[in-house]
Amino acid sequence: MLDIKLIREGEAEVRAALARRGAATHLDALLQADQQRRRLVTDVESLKRQRNTASEEIGKLKKAGQDTAAKQVAVKAIGAQIAALDDQIQQVDQELNSLLLMIPNAPHTSVPDGKSAADNQVVRMHGAPQPLAFKPKTHLELGESLGILDFGRAARMTGAGFPLYVGLGARLERALVQFMLDLHVKEHGYTEVSTPFVCNSAAMTGTGQLPKMAEDMYYIPTDDLYLIPTAEVPITNIYREEIIERPLPIYLTAYSPCFRREAGSAGRETRGLIRVHQFDKVEMVKFVEPETSYRELESLVANAEDVLQRLGLTYRVLALCAGDISFAAAKCYDIELWAPGQQAWLEVSSCSNFESFQARRALIRYRTKAKKVDYVHTLNGSGVALARLVVAILENGQTADGAINLPEAIVPYMDGIRRLEPGQSPKL
RNA sequence: GGAGAGGUGGCUGAGUGGCCGAAAGCAGCGGUUUGCUAAACCGCCGUACCGGGUAAACUGGUACCGGGGGUUCGAAUCCCCCCCUCUCCGCCA
């Protein structure tokens with residue numbers, strides 16, 4: 001969330017920044033609640049001071065054996081006033097908090113203007129889409145002919161949008177996870193963690209999934225827990241309500257499955273692995289000092305790009321415009337892979353700087369060089385998302401005879417298998 | 001899931017109704033002494049919010065002893081609910 005003091009003192013700037021997102025703002029109600037709260041707090045605290053002084057006096061008098069009945073009655077009256085004010089404060093606090101939680105992050109000045117995905121800017125390309133010498137198949141056709149994907153059986157046990165990988169398909173998935181984790185841990189300086197795949201509402205609120213995105217998550221009412229839509233949630237929440245005493249930056253990475261209801265997106269890009277309710281992902285999260293966060297964002301993107309470069313894939317990096325960045329982000333780059341079967345760019349990574357937005361919600365702080373407590377900046381990026389990565393590897397690696405040439409970098413993780421051919425993978 | 005024991009500041013750990021935001025020790029920071037390291041000695045050493053002050057230093061106040069509620073003039077301390085940890089039993093990959 002945004003700093004209420006910043007909103008109070010820099011209202012015009014905050015309004016202007018939020019307007020760039022096209023976000024409807026309820027700053028008036030917020031500022032009014034803030035003002036009311038401060039007035040009430042000042043009042044109740046002076047009453048509490050009176051009560052404390054009087055109670056102390058009663059204690060002394062009692063010790064001296066004097067009668068304090070009259071005084072006690074008087075203090076009790078103060079207590080009643082305090083209780084009434086405290087109730088009001090609680091209400092205003094709640095209102096203030098729920099308003100604050102609904103306000104999105106302010107876009108950074110370097111974020112391009114724009115209303116929608118159409119206004120995102122391509123900041124660089126790696127390679128360029130090359131026409132194949134034959135009509136490319138889609139990953140669905142390839143997956144079926146190779147026998148490595150089975151959507152029908154998955155739908156029977158769960159429903160549409162839940163992939164079942166078979167044989168070398170499952171193997172490829174596992175190999176890619178291993179490859180990416182190794183790269184981030186051994187070469188990019190991340191520490192690997194393995195987290196819970198369900199989180200409580202406090203954690204979800206901390207990273208910004210709640211309250212706004214409740215509809216997009218799978219929820220388990222019996223235990224009041226949510227399936228994670230991304231490992232960002234458990235990783236970032238590792239330091240929730242802590243003052244981090246070790247030196248920054250901290251880089252963490254984790255593999256996790258991701259669960260998304262994708263409510264409202266039925267019929268949109270829903271074929272095959274493009275948009276699924278469950279997919280695997282390797283995620284990177286950084287906890288950094290505020291002054292360094294935009295430099296850290298660039299290196300985070302570079303870490304994600306490194307994955308794709310080593311896999312020899314064609315991709316482009318987009319700077320999302322103010323109207324398209326996610327709720328919690330101050331700046332965001334997307335990385336998209338070229339998929340010849342789809343004739344489309346597929347988003348496989350989203351790298352964001354949240355500045356102190358998540359840190360404020362989740363109370364993640366550190367000590368500055370001057371020993372003051374301050375909020376960290378958090379960043380995260382996919383490094384990268386699996387299902388669409390598999391799509392790109394299949395569709396880019398395909399040959400005229402329906403086989404797949406695998407990227408050299410994962411061959412060691414595939415026990416030396418360089419090529420997937422029809423009939424090669426074990427059948428169900 | 002059942003029974004019992006606990007949750008106090010970065011850590012260890014005292015405190016069972018007012019003199020407690022909390023003893024003591026360790027760690028940390030500053031200083032004195034010191035050939036260096038070490039030791040000794042002295043001082044400092046929680047967070048949030050509201051106010052004063054230049055959004056610094058500093059300063060007045062309020063709250064916080066797992067979380068929430070209650071009793072009381074007054075709660076770390078008494079009562080209730082919840083969460084977590086440990087031990088034992090049950091179940092189990």
Rounding to the closest angstrom, what is the interatomic distance between [N] and [M] at atom [atom1]?
{"N": "B:G21", "M": "B:G61", "atom1": "C1'", "answer": "14 Å"}
{"N": "B:G10", "M": "B:C81", "atom1": "C1'", "answer": "31 Å"}
{"N": "B:C49", "M": "B:U37", "atom1": "P", "answer": "41 Å"}
{"N": "B:G53", "M": "B:U47", "atom1": "P", "answer": "24 Å"}
{"N": "B:C19", "M": "B:A76", "atom1": "C1'", "answer": "16 Å"}
{"N": "B:C79", "M": "B:G9", "atom1": "C1'", "answer": "27 Å"}
{"N": "B:U71", "M": "B:U8", "atom1": "P", "answer": "27 Å"}

Per-pair distances, 0.1 Å, donor-acceptor, side chain in residues 152-164 of chain A, under 3.5 Å, sequence neighbours excluded:
residue, atom, partner, partner atom, Å
A:Arg153, NH1, A:Asp150, OD2, 3.0

task: Return no unless some side-chain N or O of A:Lys60 is found under 4.0 Å from OP1 or OP2 of B:G74.
output: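 For B:G74, OP1/OP2 do not have a side-chain N/O of A:Lys60 under 4.0 Å.
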
task: Heavy atoms under 4.0 Å is the rule here; annotate nucleotides 58-70 of chain B 5' to 3' with B where the base is hit, S where only the sugar-phosphate is, and - elsewhere.
output: ---BBS-----S-

task: In plain terms, say whether A:Arg260 and A:Asp216 are close enough for a salt bridge, that is, a side-chain N and a carboxylate O under 4.0 Å apart.
output: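 So A:Arg260 does not pair with A:Asp216 through a salt bridge.
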
message: I'd like to know if A:Lys369 and A:Glu289 make a salt bridge, using a cut-off of under 4.0 Å between side-chain N and carboxylate O.
response: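 Salt bridge flag = yes for A:Glu289 with A:Lys369.
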
- request: For residues 217-235 of chain A, pull every pair meeting salt bridge (Lys or Arg N to Asp or Glu O under 4.0 Å), keeping only residues two or more places apart or in separate chains.
  value: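 Pairs touching residues 217-235 of chain A that pass the test: none.
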
message: Contact list please: residues 68-81 of chain A against RNA chain B, heavy atoms, distance less than 4.0 Å, in numerical order.
response: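 Residues of residues 68-81 of chain A that come under 4.0 Å of RNA chain B are, in numerical order, A:Gln72, A:Val75, A:Lys76.
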
field: Contact list for RNA chain B against residues 240-251 of chain A - heavy-atom distance below 4.0 Å
entry: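 Close to the strand are A:Ile243.
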
query: Any ring-ring contact (aromatic ring centres under 6.0 Å, His included) pairs touching residues 76-102 of chain A, not counting sequence neighbours?
result: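 For residues 76-102 of chain A: none.
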
field: Contact list for residues 357-390 of chain A, test ring-ring contact (aromatic ring centres under 6.0 Å, His included), sequence neighbours left out
entry: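 For residues 357-390 of chain A: A:Phe327-A:Phe357.
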
- prompt: So what does A:Arg8 hit on the nucleic acid, given a heavy-atom distance under 4.0 Å: a base, only sugar-phosphate, or nothing?
  reply: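 The answer is sugar-phosphate, as A:Arg8 gets under 4.0 Å only of primed atoms, P, OP1 or OP2.
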
message: By the 4.0 Å heavy-atom rule, please label A:Lys371 as base, sugar-phosphate, or nothing.
response: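 It contacts nothing in the nucleic acid.
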
For residues 79-90 of chain A, which side-chain donor-acceptor pairs fall under 3.5 Å, sequence neighbours excluded?
none

query: Who passes side chain to side chain contact (heavy atoms under 4.5 Å, CB included) against A:Glu242, sequence neighbours left out?
result: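 Only A:Tyr239 meet the side chain to side chain contact (heavy atoms under 4.5 Å, CB included) criterion with A:Glu242.
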
task: Would you mind pulling out the nucleotide paired to B:C73, Watson-Crick or G-U wobble, both distances under 3.5 Å?
output: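 Pairing partner: B:G18.
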
message: Show every side-chain hydrogen bond (donor to acceptor under 3.5 Å, both in side chains) that has at least one partner inside residues 50-63 of chain A, sequence neighbours left out.
response: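 The answer is A:Glu57-A:Lys71.
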
message: Please enumerate all residues that pass salt bridge (Lys or Arg N to Asp or Glu O under 4.0 Å) together with A:Asp28, with sequence neighbours excluded.
response: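 A:Asp28 satisfies salt bridge (Lys or Arg N to Asp or Glu O under 4.0 Å) with A:Arg15 once adjacent residues are dropped.
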
- request: With sequence neighbours excluded, tell me which residues meet salt bridge (Lys or Arg N to Asp or Glu O under 4.0 Å) with A:Asp374.
  value: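 Salt bridge (Lys or Arg N to Asp or Glu O under 4.0 Å) list for A:Asp374, sorted by chain: empty.
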
